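Just so it is clear, the structure is predicted and the values come from calculations on it, not from any experiment.
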Amino acid sequence: MTNPAQRGADPLGGTVNKTVLPSGLRIVTEAIPTVRSVSIGIWAAIGSRDETPELSGASHFLEHLLFKGTERRTAMDISAEIEAVGGETNAFTAKEYTCYYARVLDESLPLAIDVLCDLAANSVLADADVETERGVILEEIAMHDDEPGDQVHDIFTELIYGEHPLGQLISGDEQTIGAMTRAQIETFYRERYTAPHLVIAAAGNLDHEAVVAQITAALAGSPLDGPPAAPATRRPAGPEPAYAPPARIVEPKDTEQAHVVLGAPGLPRLDDRRFAAAVLNNVLGGGMSSRLFQEIREKRGLAYSVYSYTTQYADSGLFAVYAGCAPGKVEEVLALSRAELARVAETGLDAEELDRGKGMTKGAYVLGLEDTGSRMTRLAKAELLYDDLLPVAGYLERVDAVTAAEVDSLAADLLTRPHSLAVVGPFDEETEW
């Protein structure tokens, strides 16, 4: 293995170290001796955008199956061993990565390492478990379809990306999940879950060298104890996908409230303007003092929930406004949203708003790092998505350096891009606003 490379002690965190095993698997830790817990995650640089249309939902299906049993443990063993020491374990799938994680007392970290490494490397994917989880996932899809506030975001994403893999549902749909075979899932597992594409991150009261030794022992002789290899490179940053033409879609549903998302393509993850985008987003719709919240909820009482958001991927991004309101108020809510976006695009932010946006961005970032789970996530994303760990102080400096001219220029670009609109509610498909 390579010698651990110390990234330094962060004044707002702990000491970060990185080791690359001969197999290409990366181990990154942050030692925080003032806590008694440790969060550890195994991150695969594989997500729903890496699936063919036929295998849409495979990453999420696999996420379920890895908890169903290994050669050494049953599904009950996996959960019971962690819960017996007061810990918790879970997983999630995203567009560009999948994570399996546990949070335990520091003294139970060796157990958590052994369990997570076992399920990531040695899952058996039994035929019976495939069928059981197929039913579970189909129920999960049905449950999601019953949540219009969630469904509208998926519709909007598909509206922007069209046939591009970023437009696919993370869960897949009834057709792809119903048809997917065990052999297809196992092939996906063994071809994609290789050591160079994995990062194991941990944060809390730990010793880096001990963690490396424990992971090495847990993976010895497994499919992840592979031949010498270099870590996989970061997902390429471009070119941007071919976006679908701006469009409107209405999903008729008998709901008491209408759910709307209005937005356009945004910035990719490594765009230098991402710090300005965070400031702009917070002023527009990031909190109770934001323009959209004040105009739509506080002044007029037209919606309970209204906010804006940004999403970044390696080669693309989204900027959007969401509102949930009475069906009869959709037209007014959309008119106010469009007017506010146009106003900011034309005149930018004033000095007070700029300062408030910076404060919101910095505060949310620092407060979001107040537990070992978020610290662990920060390490893994830096390794998988950015190839570098920006110190907390460095992030705050980047936000402080954002100028009014940068935000105003970004607003003039981002907020004038042709918008698409997704609506879920009691309307006809031909309804227009």
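- Contact check on Arg234 versus Asp388 returns no salt bridge, with no Lys/Arg side-chain nitrogen under 4.0 Å from an Asp/Glu carboxylate oxygen.
- Nearest heavy atom pair, residue Ser59 against residue Thr98, reads CB-OG1, 4.2 Å.
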Given side-chain hydrogen bond (donor to acceptor under 3.5 Å, both in side chains), test Asn282 with Thr361 step by step and report yes or no. CA-CA 7 Å; Asn282 276 321; Thr361 303; 2.8 Å; yes
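- Side-chain contact, Ser420 with Arg248: no donor N or O sits under 3.5 Å from an acceptor N or O.
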Working for side-chain contact (heavy atoms from CB on, under 4.5 Å), residues Trp433 and Leu421: CA-CA 9 Å; Trp433 293 278; Leu421 172 66; 4.2 Å; yes
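- Glu131 has a carboxylate O that lies under 4.0 Å from a charged side-chain N of Arg134, or vice versa, which qualifies the two as a salt bridge.
- A donor-acceptor contact shorter than 3.5 Å links the side chain of Ser290 to the backbone of Gly287.
- When atom types are taken as modelled, the side chain of Asp77 and the backbone of Thr74 share a donor-acceptor pair closer than 3.5 angstrom.
- Between His153 and Tyr322, the ring planes are tilted. Angles from 30° to 60° get that label.
- Using a 30° and 60° split on the angle between ring planes, Tyr189 and Tyr193 fall in the perpendicular class, above 60°.
- Between Arg49 and Asp315, at least one side-chain N (NZ, or NE/NH1/NH2) sits under 4.0 Å from a carboxylate O, which counts as a salt bridge.
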Verify side-chain contact (heavy atoms from CB on, under 4.5 Å) between Cys325 and Val330, making sure each step is shown before the conclusion. CA-CA 7 Å; Cys325 61; Val330 168; 3.8 Å; yes
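- Between the side chain of Ser316 and the backbone N or O of Tyr313, no donor-acceptor pair lies under 3.5 Å.
- Closest approach of Asp272 to Arg398, counting heavy atoms only: O-NH2, 4.3 Å.
- Nearest approach of Thr255 to Val424, heavy atoms of both residues: OG1-O, 4.5 Å.
- Using a 4.0 Å cut-off between a side-chain N of Lys or Arg and a carboxylate O of Asp or Glu, Glu295 and Arg300 qualify as a salt bridge.
- In this structure a side-chain-to-backbone donor-acceptor pair under 3.5 Å is present from Ser308 to Asn281.
- Side-chain atoms of Thr176 come within 3.5 Å of backbone atoms of Asp173 as a donor-acceptor pair (strictly under, hydrogens ignored).
- Of the residues Leu284, Asp355, Val399, Thr403, the one that meets the side chain to side chain contact (heavy atoms under 4.5 Å, CB included) test with Val279 is Val399.
- The environment of Glu240 atom CD is dense: over 12 non-hydrogen atoms of other residues, nucleotides or ligands sit within 6.0 angstrom.
- Under 4.0 Å is where a charged nitrogen must lie from a carboxylate oxygen, and between Asp118 and Arg73 at least one such pair does.
- Looking only at side-chain heavy atoms (C-beta outward), Thr310 and Arg274 stay at 4.5 Å or farther from each other.
- Note on Glu383 versus Lys18: salt bridge recorded, some NZ/NE/NH1/NH2 to OD/OE distance being below 4.0 Å.
- Checking Thr431 against Asp428 by side-chain atom types alone, no donor-acceptor pair falls below 3.5 Å.
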Kindly determine whether Phe319 and Tyr309 satisfy side-chain contact (heavy atoms from CB on, under 4.5 Å), including the steps that lead there. CA-CA 6 Å; Phe319 172 82; Tyr309 64 92; over 6 Å; no
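- Residue-environment remark: CD (Glu331) stays at or below the threshold of 12 foreign heavy atoms within 6.0 Å.
- Within a 6.0 Å sphere centred on CD of Glu158, heavy atoms belonging to other residues, nucleotides or ligands number 12 at most.
- For Arg375 and Asp371, the salt-bridge test fails: no basic side-chain N is under 4.0 Å from an acidic carboxylate O.
- Counting heavy atoms of neighbouring residues, nucleotides and ligands inside a 6.0 Å radius, atom OH of Tyr304 does not exceed 12 of them.
- Aromatic ring orientation, Tyr161 versus Tyr243: tilted (interplanar angle from 30° to 60°).
- With respect to Asp50 and Lys95, no salt bridge is recorded, no charged nitrogen being found less than 4.0 Å from a carboxylate O.
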Checking side-chain hydrogen bond (donor to acceptor under 3.5 Å, both in side chains) for the pair Ser171/Glu140: CA distance, chi angles, key distance, verdict? CA-CA 8 Å; Ser171 62; Glu140 185 177 354; over 6 Å; no
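- When atom types are taken as modelled, the side chain of Thr181 and the backbone of Gln184 share a donor-acceptor pair closer than 3.5 angstrom.
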Might you work through the salt bridge (charged side-chain N to carboxylate O under 4.0 Å, His left out) test for Lys68 and Glu133, ending with a clear yes or no? CA-CA 9 Å; Lys68 298 301 289 183; Glu133 290 309 302; 3.3 Å; yes
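- We find that Glu353 and Arg291 are joined by a salt bridge, their nearest charged nitrogen and carboxylate oxygen being less than 4.0 Å apart.
- His60 has its side chain within reach of Ile137: a pair of non-hydrogen atoms, C-beta onward, lies under 4.5 Å apart.
- No donor-acceptor distance shorter than 3.5 angstrom exists from the side chain of Thr70 to the backbone of Ser123, with no hydrogens or angles considered.
- Arg417 places a side-chain N or O within donor-acceptor distance of the main-chain N or O of Pro265, the cut-off being under 3.5 Å.
- Summarising the geometry of Ser48 relative to Ile170, their closest heavy-atom pair is OG-CG1, 3.6 Å, with the distance given to 0.1 Å.
- Across all their heavy atoms, Glu30 and Gly14 have their closest contact at OE2-N, 2.8 Å.
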Start with the C-alpha distance between Thr93 and Glu63, add both sets of side-chain angles, then the distance that settles side-chain hydrogen bond (donor to acceptor under 3.5 Å, both in side chains), and finish with yes or no. CA-CA 7 Å; Thr93 305; Glu63 173 213 313; 2.5 Å; yes
Could you walk me through whether Glu397 and Lys362 pass the salt bridge (charged side-chain N to carboxylate O under 4.0 Å, His left out) check? CA-CA 9 Å; Glu397 290 171 2; Lys362 293 188 296 181; over 6 Å; no
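- Residues Tyr365 and Tyr395 place their aromatic rings such that the two centres sit under 6.0 Å apart.
- Listed for the Ser337 side chain is a donor-acceptor partner under 3.5 Å among the backbone atoms of Val333.
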Intermediate values then yes/no, side-chain contact (heavy atoms from CB on, under 4.5 Å), Tyr101 and Ile40: CA-CA 6 Å; Tyr101 65 90; Ile40 180 168; over 6 Å; no
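- Proximity of a side-chain donor or acceptor of Thr372 to a complementary backbone N or O of Val38 within less than 3.5 Å is not detected.
- Classification of Arg182 and Asp129 as a salt-bridged pair fails, no side-chain N sitting under 4.0 Å from a carboxylate O.
- More than 12 heavy atoms of other residues, nucleotides or ligands lie within 6.0 Å of CD in Glu298, so this atom counts as buried by the packing criterion.
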Worked verdict on Arg72 versus Asp114 for salt bridge (charged side-chain N to carboxylate O under 4.0 Å, His left out): CA-CA 11 Å; Arg72 294 166 45 207; Asp114 192 59; 2.8 Å; yes
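- The environment of Gln175 atom CD is dense: over 12 non-hydrogen atoms of other residues, nucleotides or ligands sit within 6.0 angstrom.
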Hey, mind stepping through Thr157 and Asp154 against side-chain hydrogen bond (donor to acceptor under 3.5 Å, both in side chains) and telling me if it holds? CA-CA 5 Å; Thr157 301; Asp154 289 335; 5.4 Å; no
